[in-house]
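A short write-up of the structure that comes next.
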There are 2 protein chains.
Amino acid sequence: MAAELDKTDFKILKLLQENGRITNLLLSQEIGLSPAPTLERVRKLEMSGYIKSYHALVDEEKLGLGIKTFIQVQLDFHKNNTIQIFLDEVNQIKEVTECHHVTGQADFLLKVYVNDIKSYERLIMDKISKISVVKTFQTMMIMSTTKKEPIVPLEY
Amino acid sequence: MAAELDKTDFKILKLLQENGRITNLLLSQEIGLSPAPTLERVRKLEMSGYIKSYHALVDEEKLGLGIKTFIQVQLDFHKNNTIQIFLDEVNQIKEVTECHHVTGQADFLLKVYVNDIKSYERLIMDKISKISVVKTFQTMMIMSTTKKEPIVPLEY
DNA sequence: AACTTTTTTAGAATAAAATTTGGTAATTAA
DNA sequence: TTAATTACCAAATTTTATTCTAAAAAAGTT
């Protein structure tokens, strides 16, 4: 397998990011190849891990997930496996959809989806603040999201 | 069009979030219906906007996007259309893949992808800090991401 | 409770797309 | 230059999506 991707591969990645359900036929026409080698390239991109997976994007608000927040978490590093303890706990909370280890005042940035304020309170009271290594946390409620590209900016 | 979704619809949403390229045949087997009504339900979910779109998820690191950050931005509200000015500028920056209007000390939280530190510096110097209404900003570099569900937590 | 209307479904037929196959041109390595 | 590898296309085959029809189920009405 060639290590490098060529322009055609980048085009494929761009198109599949934009429309994950484009047919192989259409895709082949867009990139200027016939269906067979197009499919072969897509399979290679999947096998080699450049394409990790495919997902439907749903409308969260329509589904009643009214509250979206980011939570900045600061940890208490008394124990030497503080981070692992935190991650083990956080990974079990289904409302937490993202968990990033970051630089700056906070140690972690979490993204959280809940139905309403009551659910948010329960999440904070019963789950986040119960994690032993959590020192402090600050909530950023998302009032609106004006940009959310499901697409990563690629060259070419 | 019925306003409410039933259990079968939620199952479909869950499965399509997990695998956006599942065939209609497989999907129908998973939810226990025949292909025809399954497809009809999927189309309804698409038409009514519960499903917004489909996307391939790519491996950012393999593609050379080595730097991912969140930037907290505080605005200077001297003008009365401060927010609109900010949004207009930010929407033109392709490295900014997310833009959230949030509560707390910061006004906006941005997610940014760049190739390397040099690119990051250019982004900051030439773009972010050039926006007239930006008062201050703070960077959180993402060192690692331990959880990133492309899936929204649904009931049922 | 019987009837009507509406909705949902399965199954068959058709259309479209994916996938495989075989062979050829182009590129790379020896 | 030759051999080997790779990438490609065109056509055949298989699989899947889609449409259509009619039956069943559910909901509402008299």
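Here is how names work: the chains are called A, B, and so on, in the same order as the sequence lines, proteins then strands, and each is numbered from 1.
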- Item | Distance, rounded to the nearest Å, where A:Ile31 contributes CD1 and D:dA7 contributes P | 13 Å
- Considering only D:dT16, C:dT9, C:dA18, which nucleotide approaches the side chain of B:Leu33 most closely? C:dT9
- Message: Please report the distance, rounded to the nearest Å, between OH in A:Tyr54 and P in C:dA18.
- Response: 12 Å
- Query: Separation of B:Gln29 atom CD from D:dA17 atom C1', in whole Å?
  - Reply: 14 Å
- Item | hydrophobic_cluster_shared for B:Ile142 and B:Ile67, side chain cutoff 4.5 Å | no
- Taking for A:Thr38 and for B:Ile22 the nucleotide of DNA chain D with the nearest heavy atom, the one nearer the 5' end belongs to A:Thr38
- Given C:dT9, is OP1 or OP2 found less than 4.0 Å from the side-chain N or O atoms of B:Arg41? yes
- Message: Starting the side chain at C-beta, find the nucleotide from C:dA10, D:dC9, D:dA17 nearest to A:Ala36.
- Response: D:dC9
- Salt bridge check: are B:Glu60 and A:Lys52 linked by an N-O gap of less than 4.0 Å? no
- Take atom CD of B:Glu40 and atom C1' of D:dT18, then tell me their distance rounded to the nearest Å. 11 Å
- Query: Does B:Arg43 come within less than 4.0 Å of B:Glu46, counting only side-chain N to carboxylate O?
  - Reply: yes
- Task: Return the value, rounded to whole Å, for the distance between atom CG of B:Asp6 and atom C1' of D:dA25.
- Result: 14 Å
- Task: Mind calculating the distance between CG (A:Leu26) and P (C:dA16) to the nearest angstrom?
- Result: 13 Å
- Item | Closest to side chain of B:Leu39, choosing from D:dA17, D:dC9, C:dT19 | D:dA17
- Task: Tell me what A:Thr23 touches on the nucleic acid: a base, only sugar-phosphate, or nothing, going by heavy atoms under 4.0 Å.
- Result: sugar-phosphate
- Side-chain H-bond candidate by donor/acceptor type, A:Asp88 with A:Gln84, under 3.5 Å: yes
- Short side-chain N/O contact from A:Lys44 to OP1 or OP2 of D:dT6, under 4.0 Å: no
- Message: I need the CZ-P distance between A:Arg21 and D:dT18, as an integer number of Å.
- Response: 8 Å
- Task: Whole angstrom is fine here: how far is it from CG in A:Leu25 over to P in D:dA11?
- Result: 15 Å
- Item | Verify same cluster id: B:Leu109, A:Val96 (apolar side-chain graph, 4.5 Å) | no
- According to a strict under-4.0 Å criterion, is A:Arg43 in side-chain N/O contact with OP1 or OP2 of C:dA18? no
